[in-house]
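Below is one structure; the comments refer to it alone.
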Amino acid sequence: MPFDDALTALNSALLAEFGETVTYTKGITSVNVQAIASGPPQADPSSPPFGISLELRESDLPFSAENDDQVLFRSGTYTVINVQRPPLTELLRVSLDKQR
């Protein structure tokens, strides 16, 4: 199996096993996607932590992710404050700030 195919299969498996549905919004366009949350540990796993990041597949978005996009995650609304495209992966890492 070529490396790119193996990486795609691995990302699909990770999102299927550990992903949560989030609503990603840019302007008036919203899309539900699977994302894996990462952030500092917390006592209550049902509420989002401060300083959370999400890993999501860029190809699941019908637009390019950018700062100031909005994400609905675990019933909180967040603003994207940083978008990273790590090498050798099709996953984006977006850092979020809770809207006040």
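Computed from a prediction, not measured in an experiment: that's the story for all the values here.
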Walk me through it: do Thr21 and Asn32 pass the test side-chain hydrogen bond (donor to acceptor under 3.5 Å, both in side chains)?
CA-CA 6 Å; Thr21 301; Asn32 290 333; over 6 Å; no
Could you walk me through whether Asp68 and Val80 pass the side-chain contact (heavy atoms from CB on, under 4.5 Å) check?
CA-CA 5 Å; Asp68 298 322; Val80 175; over 6 Å; no
side-chain contact (heavy atoms from CB on, under 4.5 Å) between Ile36 and Leu15, worked out:
CA-CA 7 Å; Ile36 300 170; Leu15 287 168; 3.8 Å; yes
Between Glu90 and Ser59, does a side-chain hydrogen bond (donor to acceptor under 3.5 Å, both in side chains) hold up when you go through it step by step?
CA-CA 8 Å; Glu90 64 181 359; Ser59 62; 4.9 Å; no
Determine whether Ser12 and Arg57 satisfy the following criterion, side-chain contact (heavy atoms from CB on, under 4.5 Å), listing intermediate values before the conclusion.
CA-CA 9 Å; Ser12 294; Arg57 192 179 0 241; 3.0 Å; yes
Show your reasoning for whether side-chain contact (heavy atoms from CB on, under 4.5 Å) applies to Phe73 and Ile52.
CA-CA 10 Å; Phe73 172 65; Ile52 195 162; 3.1 Å; yes
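Applying the side-chain contact (heavy atoms from CB on, under 4.5 Å) criterion to Leu61, with sequence neighbours excluded, gives Tyr24, Val31, Val33, Leu56, Phe63, Ala65, Leu92.
Residues Ser64 and Arg85 share a closest heavy-atom pair of OG-NH2, 3.4 Å. Between Ala35 and Val22 the shortest heavy-atom distance is CB-CG2, 4.0 Å. Summarising the geometry of Leu91 relative to Glu55, their closest heavy-atom pair is CB-OE1, 4.2 Å, with the distance given to 0.1 Å. In terms of heavy atoms, Arg74 sits closest to Ala37 at NH2-CB, 4.3 Å.
Lys98 contributes atom NZ, which lies 6.5 Å from atom OG1 of Thr77 (distance to the nearest 0.5 angstrom). Once rounded to the nearest 0.5 Å, the distance linking OG of Ser38 with CG of Leu54 reads 7.5 Å. Atom CG of residue Asp69 and atom NZ of residue Lys26 lie 4.0 Å apart, to the nearest 0.5 angstrom.
No chain of hydrophobic side-chain contacts below 4.5 Å, direct or via other Ile, Leu, Val, Met, Phe, Trp or Tyr residues, connects Val71 to Ile81. With hydrophobic clusters built from ILVMFWY side chains whose heavy atoms lie under 4.5 angstrom apart, Val83 shares a cluster with Leu96.
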